Every structure is written in C-alpha cells, then in structure tokens.
Amino acid sequence: MRAFISGAGGGIGGAIKELYLHSGYEVVAPRSSELDLSDMTAIHKWFETHRAEFDVIIHCAGHNKPMPASEIPLDEFMKTQYVNYISLLEIVKANDSYFKEHGGHIVGIGSLYASISREGRAAYTCSKHALVGLIKTLALEYGPYNVLCNTVSPGFVNTKMFQQNNNEKKRAELAAKTAINRLAEPEDIAKMVYFLGNPANTFISGQDIIVDGGFMAGSYQTIRR
C-alpha cells in the first residue's frame, strides 16, 4: 500500500507520516523544497517523474499568514488557496486512473476555520471552506470507484504554526475553552486521519470530522484576540 502525504514536514503531517510508516505503508512525502504546492506547473512536472499510484492521498500542507482582509495582497491570498486546496485537486487528478481502477482514500486536513472564522484569517478561512467543499465533491465523483473522501478538521493543535500565530496568553485561553482543558497534540489528529484513510474505513465518505476536544460543543464561535 502506498500513501502520498503533503505537508509531512509539519507537526500534524509528521505525526501522520509516522503512523502510516508504522502501519507498513510505503510513504511518499515530498518536502516543500522538492514540491512547491503553490506552483501548479511544478506539481505537473513532479508527477511526470514520479509514479502516481497511491492508495491513499493525505493533504496536510497548509499556508496561513494572518492579516486583515483589507490588507491582503492578491498574490498572498492566492498562494493560500493554491497550497491549501487547489494543489490537492491537481494531485488527485494525477492519481485519477489508479483510483478508478483500485479504489482508495483521500483525507484533507481542514480546520475549525472551515466552519467558523476569526479576524485576520480571511485567506485561510476561504481556503479551508473550499477544501471541505472540494472533498465532498470528490466523494460524490469517486464514490462509484470505491474511493472514500473525507476531511479531518482539527481544533487548536500544539504545532509550530499554531505557536507562531498565537501568543502564550492566547494559547492558554484557547486550551481552557476546550471541554478537556488542553490543546490537541499532532498524534490526536493523526489517529483520526488513519481511521478514515485506510481499508478498514469502508463506508464513511463525504464527511468533515471535527477533532477539537469539545471546543465547538461549547458554542465558542467568536474568538477574540
């Protein structure tokens, strides 16, 4: 079994990669220096020299540079879209023939910002809403070929990106607002991804599974700085 994992250099992606390796998968996980997901031409060229025969595609790559909507340069906005979901479409298209012959699984890493939003997150929120929509559409189109497609939307995960975008006070505040009073660790998310993205999952498709430690259950839709 072969798995393609984007974003494996990050906290969540790294945990996912380790879990698939431990489970006996051959894992292909190019770093950003090998495969620039903001460049669609680079993706096409990469697949010209790499075998597109993947049983599982996990899209964990993410770009998030918070700033007010009125100040976002168009190129920065579009980079977020390309990395966070458009690149997944191109990767899936490259693997189209294999999926249609063998079936498989696609899992996109979403976010709470696929359901809610926050000041300064316009580009990121748009991309995560779009990712969920893309995955639902892929679930419908690939369902007849036994390809099951889902998103896993983490809450607040203790990664370097989260630490960079939230100061210590904000991190503590968000952890306290979960039902279990802690941030997620990357391994918490990896377990759900693997649950959805292996042959044991035979019927869950088209879903966005929120893994947030109960944050959304408390109706904390508005997150202030």
Side-chain angles (χ1 to χ4, degrees), residues 6-7 9-13 32 35-43 58-92 106-139 149-178 183-184 186 189 193 206-213 215-225:
S6 71
I12 296 174
S32 57
L35 179 58
D36 181 359
L37 294 180
S38 69
D39 184 342
M40 300 304 101
T41 299
I43 294 174
I58 310 294
H59 190 63
C60 193
H63 180 71
N64 181 17
K65 189 174 181 180
M67 64 181 71
S70 61
E71 299 176 10
I72 303 173
L74 182 58
D75 59 349
E76 174 62 29
F77 182 89
M78 290 309 303
K79 179 178 180 178
T80 306
Q81 312 314 304
Y82 281 126
V83 173
N84 291 5
Y85 75 95
I86 297 174
S87 57
L88 172 61
L89 176 60
E90 295 305 303
I91 293 165
V92 170
I106 300 170
V107 183
I109 306 303
S111 168
L112 292 188
Y113 298 135
S115 300
I116 60 175
S117 193
R118 176 180 176 184
E119 299 94 330
R121 299 302 196 277
Y124 189 73
T125 295
C126 286
S127 73
K128 292 302 183 178
H129 276 70
L131 176 64
V132 170
L134 172 61
I135 290 286
K136 288 180 181 293
T137 305
L138 294 176
C149 310
N150 296 281
T151 50
V152 172
S153 284
F156 303 105
V157 186
N158 191 25
T159 63
K160 288 183 179 179
M161 180 186 290
F162 178 76
Q163 293 171 8
Q164 289 170 357
N165 290 334
N166 298 274
N167 60 33
E168 185 176 353
K169 179 180 178 182
K170 175 55 65 175
R171 296 197 299 269
E173 175 188 336
L174 294 172
K177 287 183 176 180
T178 67
L183 300 172
I189 309 306
V193 171
Q207 303 303 307
D208 177 33
I209 309 299
I210 294 175
V211 185
D212 69 348
F215 181 90
M216 293 285 281
S219 298
Y220 298 108
Q221 288 92 343
T222 302
I223 309 165
R224 299 296 180 190
R225 287 192 180 87

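All values derive from a computational prediction rather than experimental measurement.
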Distance from Phe215 atom CZ to Leu174 atom CG, nearest 0.5 Å? 6.0 Å
Counterpart residues, side-chain hydrogen bond (donor to acceptor under 3.5 Å, both in side chains), relative to Ser111 (two or more places apart): none
Nearest atoms (heavy-atom pairs only) where Arg118 meets Tyr113: CD-OH, 3.0 Å
Ala69 and Ala122 have their tightest heavy-atom pair at CB-CB, 3.9 Å
Derivation of the side chain to side chain contact (heavy atoms under 4.5 Å, CB included) call for Ile135 and Leu88: CA-CA 9 Å; Ile135 290 286; Leu88 172 61; 3.8 Å; yes
Flag, side chain of Thr151 to backbone of Ile109, donor-acceptor distance under 3.5 Å: no
Which heavy-atom pair separates Val132 from Ala114 by the least distance, and what is that distance? CG2-CB, 3.6 Å
Could you walk me through whether Ile116 and Met216 pass side chain to side chain contact (heavy atoms under 4.5 Å, CB included), step by step? CA-CA 9 Å; Ile116 60 175; Met216 293 285 281; 3.8 Å; yes
Among residues at least two apart in sequence or on other chains, which ones pass side-chain hydrogen bond (donor to acceptor under 3.5 Å, both in side chains) with Ser115? none
Evaluation steps, side chain to side chain contact (heavy atoms under 4.5 Å, CB included), between Thr178 and Leu183: CA-CA 8 Å; Thr178 67; Leu183 300 172; 5.8 Å; no
Distance in Å, His59 NE2 paired with Leu134 CG, rounded so as to fall on 0.5 Å steps: 9.0 Å
Any sub-3.5 Å donor-acceptor pair from Asn150's side-chain atoms to Gln207's backbone N or O? yes
Quick check: does any side chain N or O of Glu119 sit under 3.5 Å from a backbone N or O of Pro68, one acting as donor and the other as acceptor? no
Side-chain contact, heavy-atom cut-off 4.5 Å: Glu90 with Leu37? no
Check Cys60 against Gly13 and note the closest heavy-atom contact, atom names and distance. SG-N, 3.4 Å
How close do Pro66 and Arg121 get, counting heavy atoms only, and between which atoms? CB-NH1, 3.4 Å
The reported gap from CG in Leu89 to OG1 in Thr137 (rounded to nearest 0.5 angstrom) is 10.0 Å
Has Ser87 got a side-chain atom pairing as donor or acceptor with Tyr82's backbone, closer than 3.5 angstrom? yes
Check: residues 70-80 side-chain donor-acceptor pairs under 3.5 Å, at least two apart:
residue: Glu76; atom: OE2; partner: His63; partner atom: NE2; Å: 2.7
residue: Thr80; atom: OG1; partner: Glu76; partner atom: O; Å: 3.2

Cationic N near anionic O, under 4.0 Å, Glu173 to Lys177: yes
Yes or no on side chain to side chain contact (heavy atoms under 4.5 Å, CB included) for Val157 and Val211, after CA distance, side-chain angles and deciding distance? CA-CA 10 Å; Val157 186; Val211 185; over 6 Å; no
Keeping Asp212 on the side-chain end and Pro154 on the backbone end, is there a donor-acceptor pair under 3.5 Å? no
Should the ring pair Phe162 and Phe156 be called parallel, tilted or perpendicular, given that the plane angle runs from 0 to 90° and is split at 30 and 60? tilted
Rounded at 0.5 Å granularity, tell me how far CD1 in Ile43 sits from CG in Asp36. 8.0 Å
Flag the pair Asn84 / Leu131 as yes when at least one side-chain heavy-atom distance between them is below 4.5 Å, and no otherwise. no
